[in-house]
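Residues take their numbers from the sequence shown, with the count starting at 1.
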Amino acid sequence: LMFMSGMVKVLSGDPTWHDGTALTDHFWTQPLPTWTGYYVHHLPDSFLVVGTWGALALELAIPFFIFGPRWLQRGAAFSMGTLQVAILATGNYCFFNILTLALCLLLIDDRDWRQWLPAGLVARLEPDDDTAPRNLARARPIRRYGRRMRHLAMAAAVVGIVGITGLNMTNRFLNMTGHEGVLERLASESETERSGAEEASAVGTLQSWVDWIGRWRTLNNYGLFASMTTDRPELIVQGSRDGETWKTYHFKWKPDELDERPAFVEPHQPRLDWQMWFQALRQQRAHEQAERCGAQQWFWSFQRRLLEGSEPVESLLERVPFDEPPRYVRAVMYRYEYTNPTDDTDDWWTRTRLGQYCPTVTLQNGQLEPVR
């Protein structure tokens with residue numbers, strides 16, 4: 001979980017992770033920002049750059065401490081737990097951080113819990129006297145086996161780190177000398193459509209193995225924020241009865257009102273607000289609006305339900321500006337940015353209109369139709 005989260009950042013080729021500026025964009029472009037993230041975003045850039053490199057180092061190196069002695073395991077639990085608490089304190093990622101913290105707790109040895117927990121609780125958790133010797137005798141060979149496995153895992157980790165470091169150094173050298181790097185070549189191959197030639201390549205063979213293994217649903221890779229979002233488009237959904245006067249639908253958690261403080265919602269995940277973030281990132285050209293919006297079936301259905309006045313859908317919103325369903329609905333694209341704490345304003349956000357995201361739509365014979 002932690003190591004792959006770091007690897008996807010390194011191998012993605014995203015420039016913000018390679019130059020250490022990822023956190024300068026993270027707090028205002030994350031799906032559902034928080035008021036604490038507003039203030040962290042305005043810390044000195046040098047602090048955010050150090051935080052970026054620190055997060056990468058923690059995700060790539062600290063996980064291998066799990067296979068070391070107990071004091072290294074405690075260090076890994078504390079380090080990875082600290083990262084999760086920091087994410088909890090500045091973002092809304094539902095129960096992801098809580099689940100990861102639960103994994104960190106499993107790294108704490110029983111003898112540590114005996115020292116840290118109240119004596120009365122420890123006494124209740126201790127096994128009965130007649131079973132303790134038998135349990136201890138059974139545990140000894142398991143511990144010896146565990147030590148051997150840790151040594152093998154540490155050796156594999158060292159080999160892996162050396163191999164990855166060597167690959168990256170080779171890649172940088174090739175780039176410096178004007179040659180296409182190994183990673184870039186692999187990336188370009190994996191992004192092209194598969195052809196007969198690619199199937200015979202190493203990437204094609206590896207992908208076929210991954211596809212075959214994937215059918216069994218036994219393992220998968222994982223990674224967060226492989227590519228950092230560096231902009232914040234927001235969709236403002238509006239309705240109208242006459243096609244001239246437009247009123248705005250207000251969401252519960254995503255940014256819309258400029259003076260509304262970003263709030264915490266975790267561990268709940270409001271799917272509608274979350275999906276609106278992804279929908280806004282799907283930039284499109286004007287002549288493709290109808291096709292692209294229609295392809296996003298959930299957003300097309302969302303607009304239709306607003307025109308129908310669907311109570312279950314309207315209950316997902318903070319405020320609905322109509323007593324009766326409107327005749328028209330549209331989505332307008334804005335670019336949102338944090339204001340500066342030193343500005344003479346009570347607003348948390350500033351925004352710039354980018355244009356209409358989708359064509360204005362209406363209901364005709366129960367079907368959603370663009371207004372020509």
request  = Could you tell me the separation between the CG atom of Leu99 and the SG atom of Cys104, rounded to the nearest 0.5 Å?
outcome  = 11.0 Å

Exercise: identify the closest heavy-atom pair between Glu266 and Gly91 = OE1-O, 2.9 Å

query = Short question: side chain of Asp347, backbone of Thr350 - any donor-acceptor pair under 3.5 Å?
reply = no

ask   = Cut-off 3.5 Å, side chains only: do Trp298 and Gln279 have a donor facing an acceptor?
value = yes

message = Nearest 0.5 Å, please: how far is CD in Gln73 from CG in Leu107?
response = 6.0 Å

task = Please step through side chain to side chain contact (heavy atoms under 4.5 Å, CB included) for the pair Leu1 and Phe96, ending with a clear verdict.
result = CA-CA 11 Å; Leu1 176 66; Phe96 163 77; 4.2 Å; yes

ask   = Between Glu257 and Arg319, does at least one N-O distance fall below 4.0 Å, as a salt bridge requires?
value = yes

inquiry  = So which atom in Trp300 and which in Pro370 form the shortest heavy-atom distance, rounded to 0.1 Å?
reply    = CH2-CG, 4.4 Å

task = State whether Trp246 and Arg330 meet the cation-pi test: NZ (Lys) or CZ (Arg) under 6.0 Å from the six-membered ring centroid, and within 45° of the perpendicular axis.
result = yes

task = Check whether more than 12 heavy atoms from other residues, nucleotides or ligands sit under 6.0 Å from atom CD of Glu311, and answer yes or no.
result = no

task = Would you check, one step at a time, whether the test side chain to side chain contact (heavy atoms under 4.5 Å, CB included) holds for Thr36 with Phe264?
result = CA-CA 9 Å; Thr36 54; Phe264 282 95; 3.3 Å; yes

task = For Met333 and Ala280, work out which heavy atoms get closest and say how close.
result = CE-O, 3.5 Å

Donor-acceptor under 3.5 Å (Asp343 side chain, Thr345 main chain) = no

ask   = Does a side-chain N-to-carboxylate-O contact under 4.0 Å join Glu234 and Arg351?
value = no

task = Any chance you could lay out the side-chain hydrogen bond (donor to acceptor under 3.5 Å, both in side chains) test for Thr360 and Gln356, step after step, and finish with the verdict?
result = CA-CA 9 Å; Thr360 301; Gln356 193 160 322; 3.0 Å; yes

inquiry  = Tell me the closest heavy-atom pair linking Thr230 and Thr29, and the distance in Å.
reply    = C-CG2, 4.0 Å

query = Do Arg305 and Glu308 come close enough that some side-chain heavy atom pair is under 4.5 Å?
reply = yes

query = Does a side-chain heavy-atom distance below 4.5 Å link Met2 with Leu58?
reply = yes

query = For Trp28 and Arg232, what are the C-alpha separation, side-chain angles and deciding distance, and is it a side chain to side chain contact (heavy atoms under 4.5 Å, CB included)?
reply = CA-CA 7 Å; Trp28 69 284; Arg232 183 169 200 94; 3.6 Å; yes

message = Tell me whether Lys9 is salt-bridged to Asp14, with the criterion being a basic N under 4.0 Å from an acidic carboxylate O.
response = no

query = Are the side chain of Thr248 and the backbone of His250 linked by a donor-acceptor contact shorter than 3.5 Å?
reply = no

Atom CG of Asp346: over 12 foreign heavy atoms under 6.0 Å = no

Salt-bridge contact Arg74-Asp112 (side-chain N to carboxylate O under 4.0 Å) = yes

query = Which value, rounded to the nearest 0.5 Å, describes the distance between Trp349 atom CH2 and Leu258 atom CG?
reply = 10.0 Å

ask   = Is there a donor-acceptor contact under 3.5 Å linking the side chains of Tyr93 and Gln30?
value = yes

key: Over all atoms of both residues, closest heavy-atom pair of Pro262 and Pro33   = CB-O, 3.4 Å

request  = Would you kindly confirm whether Tyr357 and Val237 end up in one hydrophobic cluster when ILVMFWY residues are joined by side chain heavy atoms under 4.5 Å apart?
outcome  = yes

query = In the single-linkage hydrophobic clustering (I, L, V, M, F, W, Y; side-chain heavy atoms under 4.5 Å), do Tyr328 and Tyr249 co-cluster?
reply = no

request  = Apply side chain to side chain contact (heavy atoms under 4.5 Å, CB included) to Met7 and Glu59, showing your working.
outcome  = CA-CA 8 Å; Met7 285 301 298; Glu59 290 180 342; over 6 Å; no

message = When you measure from the side chain of Asn92 to the backbone of Ala263, do you find a donor-acceptor pair of N or O atoms at a distance under 3.5 Å?
response = yes

query = Linking I/L/V/M/F/W/Y whenever their side-chain heavy atoms sit closer than 4.5 Å, directly or via other members, would Ile108 and Phe78 fall into one cluster?
reply = no

query = Is Leu363 close to Gln367 at the side-chain level, that is, under 4.5 Å between some pair of heavy atoms?
reply = no

query = Would you call the rings of Tyr39 and Trp35 parallel, tilted or perpendicular, where under 30° means parallel and over 60° means perpendicular?
reply = perpendicular

inquiry  = Students often mix this up, so state it plainly: with edges at 30° and 60°, are the rings of Phe251 and Phe302 parallel, tilted or perpendicular?
reply    = tilted

request  = Compare all side-chain heavy atoms of Val265 with those of Leu32 and state whether any distance is below 4.5 angstrom.
outcome  = yes

query = Is the backbone of Ala226 close enough, under 3.5 Å, to the side chain of Ser12 for a donor and an acceptor to pair up by distance?
reply = yes

remark   = Here the gap from Leu88 atom CG to Ile98 atom CD1, rounded to the nearest 0.5 Å, amounts to 6.0 Å

task = Considering non-hydrogen atoms only, spot the tightest contact between His41 and Leu48 and give its length.
result = O-CD1, 3.7 Å

query = Is any NZ, NE, NH1 or NH2 atom of the basic residue among Arg241 and Glu324 found under 4.0 Å from an Asp or Glu carboxylate oxygen of the other?
reply = no

message = Would a single hydrophobic cluster contain both Leu281 and Phe225, if residues Ile, Leu, Val, Met, Phe, Trp and Tyr are joined by side-chain heavy-atom contacts under 4.5 Å?
response = yes

inquiry  = With heavy-atom distances below 4.5 Å as the criterion, would you say the side chains of Phe322 and Lys247 are in contact?
reply    = yes

message = Starting from Val320, can I reach Val329 by hopping between I/L/V/M/F/W/Y residues whose side chains sit under 4.5 Å apart?
response = yes

ask   = Can you say whether the rings of Tyr38 and Trp348 are parallel (under 30°), tilted (30 to 60°) or perpendicular (over 60°)?
value = perpendicular

query = Is Trp17 close to Val10 at the side-chain level, that is, under 4.5 Å between some pair of heavy atoms?
reply = no

key: Parallel, tilted or perpendicular: rings of His42 and Tyr338 (30°, 60°)   = tilted

Any donor-acceptor N/O pair, Thr21 side chain to Thr24 backbone, under 3.5 Å = no

Donor-acceptor contact below 3.5 Å, side chain Thr90 vs main chain Gly37 = no

remark   = So NZ of Lys254 and CD of Glu318: to nearest 0.5 Å the spacing works out to 13.0 Å

task = For the pair Trp116 and Trp113, name the ring-plane relationship: parallel under 30°, tilted 30 to 60°, perpendicular over 60°.
result = perpendicular

ask   = Mind checking whether Tyr334 and Tyr336 have parallel, tilted or perpendicular rings, split at 30° and 60°?
value = perpendicular

task = Look at atom CZ of Arg327 and say whether more than 12 heavy atoms of other residues, nucleotides or ligands are closer to it than 6.0 Å.
result = no

query = To the nearest 0.5 Å, how far apart are NZ in Lys252 and CG in Leu317?
reply = 8.0 Å

ask   = Is there a side-chain contact between Phe65 and Met80 (heavy atoms, below 4.5 Å)?
value = no

query = Is Thr229 close to Asp25 at the side-chain level, that is, under 4.5 Å between some pair of heavy atoms?
reply = no

Criterion salt bridge (Lys or Arg N to Asp or Glu O under 4.0 Å) on Asp231 and Arg335, from CA distance to verdict = CA-CA 8 Å; Asp231 198 10; Arg335 185 180 192 271; 2.5 Å; yes

